[in-house]
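A short write-up of the structure that comes next.
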Amino acid sequence: MTSLGMCFPRTFPAALVSDVARRLDQGGADDLWIIEDCFYTSGPSLAATALSVSERLTVGIGILPAVARTAPITAMEIATLCALAPGRFLPGIGHGVQEWMDQMGVRPTSPLTALEEVTVAVNRLLAGEKVTMDGKTVQLRDVQLDAPPAEVPPILLGVQGPKSLALAGRVAGGVVLAEPASPSYVRFALEQAGSPEGFVMAVFSAFCVRGDRKAAYEWTAPWLGGLIDAKNPGLRTLPFYDDMVSRYAESGVAGLVSMPHDWWLELGPIGTLDDAAAHLDALDAAGVHHIGLFPDPEVEHGLPQLDHVLELANR
């Protein structure tokens, strides 16, 4: 059965995470996903806080940039969070935004190679091995965690393209797909990863529920237009992608607002509460295990969506 929860946007004040975690935990939601982007708030710190104030909530991080920390430090962070709340933590690791990596002086020559080396090293360290590696990014000599987790969580890779998804299928325990993660994109990702046994599929879904369907479309359409401009790889898997791009080129945001209802239903939990529930059912049928509903990044608009998250979690 698919676990449902909410994402904690990078723009939400850090102190708010305690209240959000408690409300989700007590209200019947399954997950809280912490968003770590460079120069905003720290994923492990927020995750530790959320785990400490909840009893049953699973907390995930999407994602820890692979080269922002060394592999042993990442493994230490994960092991510590697992010790704080056994079985309730899901770590995500990804390439990170390469411009940010460049700003910090850690941009690798090959992000794909770096991600593979870090993932392999972290997995081995979490398994309790003494690790020596001489890679292009990861160099270790006899490194071993003092207290590896008794229950090792799957490492989920926050990736998008075919090569990175294939890498996840080889060396990771699953993936976490950024929004908009449509059922079409989920099926594509699983195919690229090779659908290995036990592979965990987590997705973030842009979430906007209004009493009036058109109002939700009008709120979300400018964001969708930005994704089209950026040539978002998740959008390219949509069966109506070319028609959507043409409509946007001809009529701009207004052309997106007036898209057919079934297009919006494929894109995300956007529209009425019933529309959102139908989208979640489609994600479940596509093979998703964890869904993080991603609210508006502005607190005054995004936080009220938590009530809708709980309504959906209790359906």
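Keep in mind that what you see is a predicted model, and the values were worked out from it rather than measured.
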Side chain to side chain donor-acceptor pair (under 3.5 Å), that's the test. Do Ser184 and Glu266 meet it? Break it down for me.
CA-CA 8 Å; Ser184 298; Glu266 173 72 13; 2.6 Å; yes

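- Between the side chains of Asp25 and Ser54, no donor-acceptor pair of N or O atoms lies under 3.5 Å.
- With Asp284 contributing its side chain and Leu280 its backbone, the two residues share no donor-acceptor pair below 3.5 Å.
- No side-chain heavy atom of Lys163 sits less than 4.5 Å from a side-chain heavy atom of Leu165.
- Side-chain N or O atoms of Ser251 include none that pairs as donor or acceptor with a backbone N or O of Tyr248 at under 3.5 Å.
- In this structure, a donor-acceptor pair under 3.5 Å is present between the side chains of His308 and Glu311.
- Atom OG in Ser246 sits 13.0 Å away from atom CZ in Phe240 (nearest 0.5 Å).
- In this structure, Phe8 has its ring center at least 6.0 angstrom away from the ring center of Trp33.
- Across all non-hydrogen atoms, the minimal contact from Leu227 to Pro180 is CD1-CD, 3.4 Å.
- Between Asp307 and Arg23 there is a salt bridge, since at least one side-chain N of the basic residue sits less than 4.0 Å from a carboxylate O of the acidic one.
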For residues 288-295, which side-chain N or O atoms pair as donor and acceptor with protein atoms under 3.5 Å away, sequence neighbours left out?
from	atom 1	to	atom 2	distance (Å)
His289	ND1	Met201	N	2.9
His290	ND1	Asp31	OD2	2.7

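- For the residue pair Asp275 and Thr272, a side-chain donor N or O sits within less than 3.5 Å of a side-chain acceptor on the partner.
- A salt bridge between Asp142 and Lys130 is absent, with no side-chain N of the basic residue lying under 4.0 Å from a carboxylate O of the acidic one.
- Under the 3.5 Å distance criterion, the side-chain polar atoms of Gln305 are left unmatched by any main-chain donor or acceptor of Asp296.
- A donor-acceptor pair is defined here as one N or O able to donate and one able to accept, closer than 3.5 Å; no such pair exists between the side chain of Arg247 and the backbone of Asp242.
- Considering only heavy atoms from C-beta on, Val209 stays 4.5 Å or farther from Pro269 through its side chain.
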Could you tabulate the donor-acceptor pairs under 3.5 Å formed by side-chain atoms of residues 96-104, not counting sequence neighbours?
from	atom 1	to	atom 2	distance (Å)
Gln98	NE2	His95	O	3.2
Gln98	NE2	Gly96	O	3.1

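- Nearest approach of Ala21 to Val53, heavy atoms of both residues: CB-CG2, 3.8 Å.
- Heavy-atom minimum distance, Val309 versus Phe207: CG2-CE2, 3.7 Å.
- A side-chain donor-acceptor contact under 3.5 Å links Asn232 to the backbone of Leu235.
- Salt-bridge check for Arg10 with Glu298: failed, with every basic side-chain N at 4.0 Å or more from each acidic carboxylate O.
- Contacts classified as side chain to side chain donor-acceptor pair (under 3.5 Å) and involving residues 185-206 (residues at least two apart or in different chains) are not found.
- Remark: the backbone N or O of Gly234 is paired with a side-chain donor or acceptor of Thr237 at under 3.5 angstrom.
- Distance check, rounded to the nearest 0.5 Å: CD1 of Ile270 to CZ of Arg210 gives 11.0 Å.
- Checking side-chain atoms of Glu117 against main-chain N and O of Thr137 turns up a donor-acceptor pair under 3.5 Å.
- Of all non-hydrogen atoms in Pro154 and Val200, the two that sit nearest each other are CG-CG2, 4.1 Å.
- Counting non-hydrogen atoms of neighbouring residues, nucleotides and ligands closer than 6.0 angstrom, the CG atom of Asp146 reaches no more than 12 such neighbours.
- Between Leu157 and Val176 there is no side-chain heavy-atom pair separated by less than 4.5 Å.
- Proximity of the aromatic rings of Trp264 and His279 is defined here by a centroid distance below 6.0 angstrom, and this criterion is not met.
- Here CZ of Arg141 is found 8.0 Å from OG1 of Thr132. Values are rounded to the nearest 0.5 Å.
- Proximity of a side-chain donor or acceptor of Thr119 to a complementary backbone N or O of Leu115 within less than 3.5 Å is detected.
- Here the closest non-hydrogen pair linking Phe89 and Cys82 is CD2-SG, 4.2 Å.
- Formation of a donor-acceptor pair under 3.5 Å by the Thr49 side chain with backbone atoms of Ser45 is found in this model.
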